[in-house]
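For reference, the structure discussed in these notes is given below.
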Amino acid sequence: MLCESIPGIEWFANNNPYTESHMLFHYIILPDVKEETMTVKVWVGKYCYEKSIDEIVDERTFPLTKSGLAEAVEYIRDEDYKL
């Protein structure tokens, strides 16, 4: 299932990004420690984030907290279901 191996909030609090895919559905979580947020970007395709900037279909920003991470996971799973 998507997001089963997502790291804990400590990973993101250290400004580490995380990406995962399920078939052609991809997402990346980009933390911003200074702003205390993390942005989730979603795209459909066969290439990595760096080669798919123009393919991003949606993005949302969440607080850099445990509850924010839980909201981000829910959002990612909902987007995977839609696409």
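Just so it is clear, the model here is predicted, and its values are computed rather than measured.
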Decide side chain to side chain donor-acceptor pair (under 3.5 Å) for Thr37 and Thr61; before the verdict, give the C-alpha distance in whole Å, the side-chain angles of both, and the deciding distance to 0.1 Å.
CA-CA 7 Å; Thr37 62; Thr61 301; 5.7 Å; no
From CA spacing to verdict: side chain to side chain contact (heavy atoms under 4.5 Å, CB included), Thr39, Lys41
CA-CA 6 Å; Thr39 301; Lys41 298 184 180 196; 4.1 Å; yes
Which residue in the set Asp32, Leu30, Ile6 passes side-chain contact (heavy atoms from CB on, under 4.5 Å) when paired with Phe12?
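Of all the options given, the one that passes is Ile6.
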From [X] atom [atom1] to [Y] atom [atom2], the distance as rounded to the nearest 0.5 Å:
{"X": "Phe25", "Y": "Glu79", "atom1": "CZ", "atom2": "CD", "answer": "6.5 Å"}
{"X": "Thr19", "Y": "Trp43", "atom1": "OG1", "atom2": "CH2", "answer": "4.0 Å"}
{"X": "His26", "Y": "Asp80", "atom1": "NE2", "atom2": "CG", "answer": "11.0 Å"}

Side-chain heavy atoms nearer than 4.5 Å, only ILVMFWY residues, links allowed to pass through others: does that put Met23 and Val44 together?
no
Taking Gly68's backbone N and O only, do any of them form a donor-acceptor pair with Thr65's side chain (distance below 3.5 Å, no angle check)?
yes
Does Cys3 offer a backbone N or O that forms a donor-acceptor pair with the side chain of Glu20 under 3.5 Å?
yes
Val33 versus Ala13, closest heavy-atom pair with distance:
CG2-O, 3.4 Å
For residues Pro31 and Leu64, report the shortest heavy-atom separation together with the two atoms involved.
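Smallest heavy-atom distance, with atoms named: CB-CD1, 4.4 Å.
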With the side chain counted from C-beta on, respond yes when Ile76 and Leu2 share a heavy-atom pair under 4.5 Å apart, and no when they do not.
yes
Side chain to side chain contact (heavy atoms under 4.5 Å, CB included) evaluation trace for Tyr49 with Ile56
CA-CA 9 Å; Tyr49 172 69; Ile56 293 175; 3.8 Å; yes
Test: side-chain hydrogen bond (donor to acceptor under 3.5 Å, both in side chains). Region: residues 3-17. Which pairs qualify, not counting sequence neighbours?
Glu4-Arg77, Ser5-Tyr18
I would like to know whether Tyr27 and His22 meet side chain to side chain contact (heavy atoms under 4.5 Å, CB included); could you show each step before the answer?
CA-CA 9 Å; Tyr27 73 89; His22 175 246; over 6 Å; no
Does Glu59 form a side chain to side chain contact (heavy atoms under 4.5 Å, CB included) with Val42? I'd like the steps, not just the answer.
CA-CA 6 Å; Glu59 69 179 73; Val42 173; over 6 Å; no
